[in-house]
Amino acid sequence: MGEYRKAVITPKIIGGKKVWQTERLTEKQAFHENFPYEALAENIQKILGKEFRQLHAFSAGLETAVKVTSKGKLLIHRTASKVNKIEAAPNNRKKRYLLPEGTVVPPLQDMGIFTKDGRVVNAMYDKYKQINRFLEMVDDVIQDEKKLHIIDFGCGKSYLTFIVYYYLTEVRKMDVSITGLDLKEDVIRKCNETAAKYQYRNLKFVHGDINDYETDGPVDMVMTLHACDTATDHALYHAIQWKAKYILSVPCCQHEVNREISSDTLMPLMKYGIIKQRTSELVTDSLRAELLEACGYKTQLLEFIDLSHSPKNLLIRAVKTDYSEKRREKSMEEALTMCRFFHVNPTLLRLLNKNQ
Ligand SMILES: C[S@@+](CC[C@H](N)C(=O)[O-])C[C@H]1O[C@@H](n2cnc3c(N)ncnc32)[C@H](O)[C@@H]1O
């Protein structure tokens, strides 16, 4: 009914006490609220009929479905449930990663992320968290495609590339080929050697520049993790040109807009270096998102990783969709208005204009 898609109420143990926790889910976020164990009925009453019209309740041996009709009448349907015990779970459960510690991903042992027995090397823990999170975002968005060709632009040492390849081929059993591209020739040679060593036949690495990269084959997904400054724009532009279905991009060092941006109206934002830099990052990435929308991509800006692990913590996730022309034009107009306001002309916009 409202902006929430779903609310889930579960018993929890927090600070040694039993409570109920409501998790309300919007399209992009989850909001949590705890309330006392005795207050279940009144809390269900609060949201049922106001925020939601349907409720599914699970208890030991019984499942109950409740529906509020448009006239406010309650329809109740009970069935036997296979669940015979419901327990309150402690709230401090360890985060479950798609590739938990102990998973042996052989190339990543060679690369120094995992030890021989599958533990994460201490100094690599932040990187491990980042790539696991990125993998979650990939896993969450891709459907049941049998075949996927992915390009990882600015792959660097390619921890992410190897992990995505391993996960999609070995765990999800998909027919996936990945090309990693980077400017660093020696790094690319090493990645190709590692791929050959583990007989990852559909994983290859190419030495080259994102800006002028060309390919004939179809590209289903483009990913970038910290491709520097405008390299991200070129990667996004390629993805748009190829009509790639999925784009996942964590930008970094957004210098271009920082050099151009100005606004008399928002002078305090322009006056202090650090604020100007952060404003430029937000302007750059919100413009990228809006331009992707203008090109027919349903686009989300997601928190990629906790700020304490990396300040580069925003992920652009875009999925090709069938937006109407009117909707796309509106996004373009909004992006242009913002560019005029801040006196910027970012690379992605210039590349798109050049092609018209
Ligand atoms: C910060 S590193 C990130 C590497 C890797 N994606 C990761 O997250 O571990 C950025 C990489 O992008 C590469 N790069 C930057 N601009 C590029 C361009 N125009 N074409 C190809 N690679 C580029 C750099 O050589 C570098 O390896």
Side-chain angles (χ1 to χ4, degrees), residues 97 99 105 107-114 120-121 123-138 150-168 178-195 203-215 219 221-242 244 246-259 281 284-285 288 302-306 309-317 346-348 350-351:
Y97 291 115
L99 293 175
V105 186
L108 289 165
Q109 290 177 321
D110 286 22
M111 291 170 163
I113 293 239
F114 288 112
V120 178
V121 172
M124 298 309 279
Y125 214 85
D126 282 353
K127 195 80 212 168
Y128 163 77
K129 274 182 122 166
Q130 271 182 29
I131 47 187
N132 250 302
R133 181 78 179 126
F134 200 108
L135 187 63
E136 272 175 24
M137 304 280 190
V138 172
I150 301 173
I151 297 194
D152 182 3
F153 278 130
C155 57
K157 289 187 181 151
S158 303
Y159 307 123
L160 175 72
T161 336
F162 275 93
I163 283 237
V164 170
Y165 185 82
Y166 170 86
Y167 180 77
L168 294 179
I178 306 189
T179 306
L181 182 100
D182 204 283
L183 284 174
K184 295 178 188 147
E185 201 167 1
D186 51 334
V187 175
I188 288 298
R189 190 178 346 97
K190 224 164 161 214
C191 291
N192 273 325
E193 283 166 12
T194 310
L203 176 59
K204 65 169 185 168
F205 295 89
V206 177
H207 169 232
D209 191 325
I210 300 171
N211 303 13
D212 48 34
Y213 180 74
E214 284 179 18
T215 178
V219 178
M221 180 168 135
V222 166
M223 59 185 198
T224 70
L225 177 55
H226 300 151
C228 321
D229 199 8
T230 53
T232 296
D233 297 285
H234 285 274
L236 297 179
Y237 177 67
H238 285 313
I240 293 166
Q241 294 305 107
W242 296 327
Y246 306 114
I247 302 173
L248 285 98
S249 173
V250 177
C252 112
C253 45
Q254 296 87 335
H255 297 313
E256 182 186 47
V257 164
N258 194 36
R259 281 192 298 270
E281 288 167 15
T284 308
D285 292 328
R288 285 172 174 155
L302 301 161
E303 184 164 73
F304 168 54
I305 195 102
D306 197 90
H309 290 285
S310 169
K312 304 161 192 171
N313 75 334
L314 186 144
L315 182 138
I316 302 173
R317 187 166 72 177
T347 296
L348 182 56
R350 279 188 281 113
L351 290 168

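Counting starts at 1 for both ligands and their atoms, in listed order.
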Does ligand 1 have any atom sitting under 4.0 Å from a heavy atom of Asp209?
yes
Of all protein heavy atoms, the one nearest atom 20 (N) of ligand 1 is Ile210 N, 2.9 Å
Considering only non-hydrogen protein atoms, determine which one is nearest to atom 5 (C) of ligand 1 and report residue, atom name and distance to 0.1 Å.
Cys155 O, 3.2 Å
Under 4.0 Å from a heavy atom of Gly208: give me the atoms of ligand 1 that qualify, with their elements.
20 (N), 21 (C)
Considering non-hydrogen atoms of the protein only, which is the closest contact for atom 12 (O) of ligand 1, and what is the distance?
Gly154 CA, 3.5 Å
Distance from atom 15 (C) of ligand 1 to nearest protein heavy atom, with residue and atom:
Cys228 SG, 3.7 Å
Pair Glu256 + Arg350: basic N to acidic O under 4.0 Å:
yes
Would you say the ring centers of His234 and Phe153 fall short of 6.0 Å from each other?
no
So that I know where these two stand, are Tyr159 and Phe134 an aromatic pair - ring centroids less than 6.0 Å apart?
no
Ranked by distance from atom 25 (O) of ligand 1, the top protein heavy atom is Asp182 OD1, 2.6 Å
At under 4.0 Å between heavy atoms, which part of Lys127 makes contact with ligand 1: side chain, backbone, both or neither?
side chain
Does the ring center of Tyr125 lie less than 6.0 Å from the ring center of Tyr128?
yes
Any carboxylate oxygen within less than 4.0 angstrom of a Lys/Arg side-chain nitrogen, looking at Asp285 and Arg288?
yes
Got a donor-acceptor contact below 3.5 angstrom from the His207 side chain to the Leu183 backbone?
yes
By number and element, which atoms of ligand 1 are closer than 4.0 Å to a non-hydrogen atom of Asn211?
19 (N)
Distance, nearest 0.5 Å, that separates CG of Leu168 from CG of Leu135:
7.0 Å
Go through ligand 1 atom by atom and flag the ones less than 4.0 Å from a non-hydrogen atom of His226.
1 (C), 2 (S), 3 (C), 10 (C)
Those atoms of ligand 1 less than 4.0 Å from some heavy atom in Ala231
16 (N)
Heavy-atom contacts under 4.0 Å between Ser158 and ligand 1: side chain, backbone, both, or neither?
neither
In terms of its nearest heavy atom to atom 14 (N) of ligand 1, the top option of Asp152, Leu183, Thr224 is Leu183
Lys190/Glu193 ion pair, N-O < 4.0 Å:
no
Which option, Thr230, Leu225, Val206, owns the non-hydrogen atom nearest atom 8 (O) of ligand 1?
Leu225
Quick one: does Asp182's side chain get under 4.5 Å of Ile188's, heavy atoms only?
yes
Taking only non-hydrogen atoms of Gly156 and a 4.0 Å limit, the atoms of ligand 1 in range are 4 (C), 27 (O)
Atom indices of ligand 1, in the order listed, that fall short of 4.0 Å to a heavy atom of Lys184:
25 (O), 26 (C), 27 (O)
Only one of Leu160, Leu315, Thr161 forms a side-chain contact (heavy atoms from CB on, under 4.5 Å) with Leu225, so which one is it?
Leu160
